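For reference, the structure discussed in these notes is given below.
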Amino acid sequence: MKSALIATCCAAALLLSACGGEEKGDKTVRADGTLAPGSTVKVGERAVVPFSDANKSGTIAITVKSVDLGPKEDLAEFKNKGEGMLPVYVRMVIENVGGTDLSDTSVSVRAVDPNGKSTKVILANSTAACKGEQAPENFTTAGATYETCKTEGVKDGGEVGGVIFREGDYQDDPITWKK
């Protein structure tokens, strides 16, 4: 029995080393330093991901700093489209890790409920309290950063458990930041 347990542990270690990944809790860091699809991190933690937008591609780090509900009044400018909803403000720091020209790109995340399911509310515009910014013109070198805010939504009375990044490699198995 003891030798079977040792053999199983050795096989698991060999598989992990062959994949080039290192598991850290609910996240797996791939050999290239990016998070594997399906990884989960906490709000405030940095996730390095391959990224493409606006015919540009590279590697970025996304740090979701906060996920907060805003007051219903912030959606007044949406008129009837904002009825029965609350804004969700996702504040992020984006870092250019790879050093490629990623100026004028935009990072998209989506709010999810505490069970990781979609809030089923998509807001296409920003609010005065949360202006979404594109990467600045100087977002072209490794270490360059910018801060942005994404306005998401939740039905009035609903809860938000975090946000997901569902682009490229992560389409079917997103990176999740949990509150």
Side-chain angles (χ1 to χ4, degrees), residues 24-28 34-54 56 58-97 102-137 139 144-179:
K24 295 180 178 181
D26 288 342
K27 62 183 175 181
T28 300
T34 62
L35 283 186
S39 292
T40 300
V41 295
K42 292 180 184 171
V43 168
E45 288 187 295
R46 181 177 184 254
V48 177
V49 297
F51 174 75
S52 64
D53 182 56
K56 297 178 180 184
T59 303
I60 62 170
I62 305 168
T63 303
V64 174
K65 291 175 39 175
S66 63
V67 181
D68 301 309
L69 288 177
K72 188 182 301 192
E73 296 75 29
D74 285 2
L75 297 180
E77 65 190 71
F78 290 88
K79 301 193 184 335
N80 293 340
K81 293 180 182 177
E83 273 186 42
M85 292 185 271
L86 291 173
V88 176
Y89 299 133
V90 182
R91 289 178 170 67
M92 302 177 284
V93 174
I94 311 300
E95 177 187 349
N96 187 333
V97 173
L102 296 173
S103 59
D104 298 317
T105 59
S106 182
V107 174
S108 181
V109 295
R110 295 280 179 223
V112 292
D113 70 16
N115 298 316
K117 303 292 182 200
S118 171
T119 61
K120 296 188 170 103
V121 177
I122 297 173
L123 299 175
N125 296 327
S126 298
T127 66
C130 182
K131 294 284 184 192
E133 301 289 334
Q134 285 191 321
E137 290 298 319
F139 199 62
T145 64
Y146 74 98
E147 293 192 32
T148 188
C149 187
K150 171 87 168 120
T151 302
E152 283 289 294
V154 65
K155 292 180 182 171
D156 202 358
E159 291 183 68
V160 176
V163 295
I164 59 172
F165 174 75
R166 176 174 263 151
E167 303 286 328
D169 292 355
Y170 307 98
Q171 192 67 36
D172 295 327
D173 206 2
I175 301 284
T176 303
W177 283 265
K178 287 192 174 183
K179 287 176 71 172

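Since the model is a prediction, treat every value here as computed from it, not as a measurement.
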* Under 6.0 Å from the NZ atom of K178, do we count more than 12 heavy atoms belonging to anything else shown? -> no
* Quick one: does T105's side chain have a donor or acceptor within less than 3.5 Å of a partner on A54's backbone? -> no
* Asked: Could you give the distance from CD1 (I60) to OG1 (T34), rounded to the nearest 0.5 Å?
  -> 11.5 Å
* **Between NZ on residue K27 and OG1 on residue T176, distance to nearest 0.5 Å** => 13.0 Å
* Verdict with supporting geometry, L69 and V88, side-chain contact (heavy atoms from CB on, under 4.5 Å) -> CA-CA 5 Å; L69 288 177; V88 176; 3.7 Å; yes
* Determine whether I62 and W177 make a side-chain contact, defined as any pair of heavy atoms from C-beta on separated by less than 4.5 Å. => yes
* To do: List the atom of S126, the atom of C130, and the distance in Å for their closest heavy-atom pair.
  => CB-O, 3.2 Å
* Structure fact -> Correct closest heavy-atom pair for L75 and M85 would be CD1-O, 3.6 Å
* Asked: For the atom pair CG (D68) and CG (L86), what is the distance rounded to the nearest 0.5 Å?
  -> 12.5 Å
* Would you check, one step at a time, whether the test side-chain contact (heavy atoms from CB on, under 4.5 Å) holds for Y89 with T127? => CA-CA 9 Å; Y89 299 133; T127 66; 3.2 Å; yes
* Structure fact -> Which of I175, V49, D173 passes side-chain contact (heavy atoms from CB on, under 4.5 Å) with S39? Answer is I175
* Worked check of side-chain contact (heavy atoms from CB on, under 4.5 Å) between I94 and F51 -> CA-CA 11 Å; I94 311 300; F51 174 75; over 6 Å; no
* To do: Determine, stepwise, if the pair F165 / V64 fulfils side-chain contact (heavy atoms from CB on, under 4.5 Å).
  => CA-CA 10 Å; F165 174 75; V64 174; over 6 Å; no
* **Donor-acceptor under 3.5 Å (D113 side chain, N115 main chain)** => yes
* Asked: Sub-3.5 Å donor-acceptor pair from the side chain of T63 to the main-chain atoms of K65, do we have one?
  -> no
* To do: With the side chain counted from C-beta on, respond yes when E159 and V154 share a heavy-atom pair under 4.5 Å apart, and no when they do not.
  => no
* Under 3.5 Å: donor-acceptor pair, side chain of T119, backbone of G153 -> yes
* Roughly how far, to the nearest 0.5 Å, is the OG atom of S108 from the CD atom of E152? -> 7.0 Å
* **Validation row: V112, R166 side chains within 4.5 angstrom (heavy atoms)** => no
* Should we say atom CD of E77 is surrounded by more than 12 heavy atoms from elsewhere, each under 6.0 Å from it? -> yes
* Would you name the heavy atoms of R110 and K150 that are closest together and state the gap between them? => NH1-NZ, 3.6 Å
* Asked: Which atoms form the tightest heavy-atom contact between S106 and D53, and what is the distance?
  -> N-OD2, 2.8 Å
* So how far is it from E83 CD to K72 NZ, rounded to the nearest 0.5 Å? -> 9.5 Å
* To do: Check each of K131, M92, R91 against T148 using the side-chain contact (heavy atoms from CB on, under 4.5 Å) test, and report the only one that passes.
  => M92
* Asked: Rounded to the nearest 0.5 Å, how far does OG1 of T59 lie from CD of E95?
  -> 11.0 Å
* Mind listing the closest non-hydrogen atom pair of Y170 and P50 along with its distance? => OH-CD, 3.3 Å
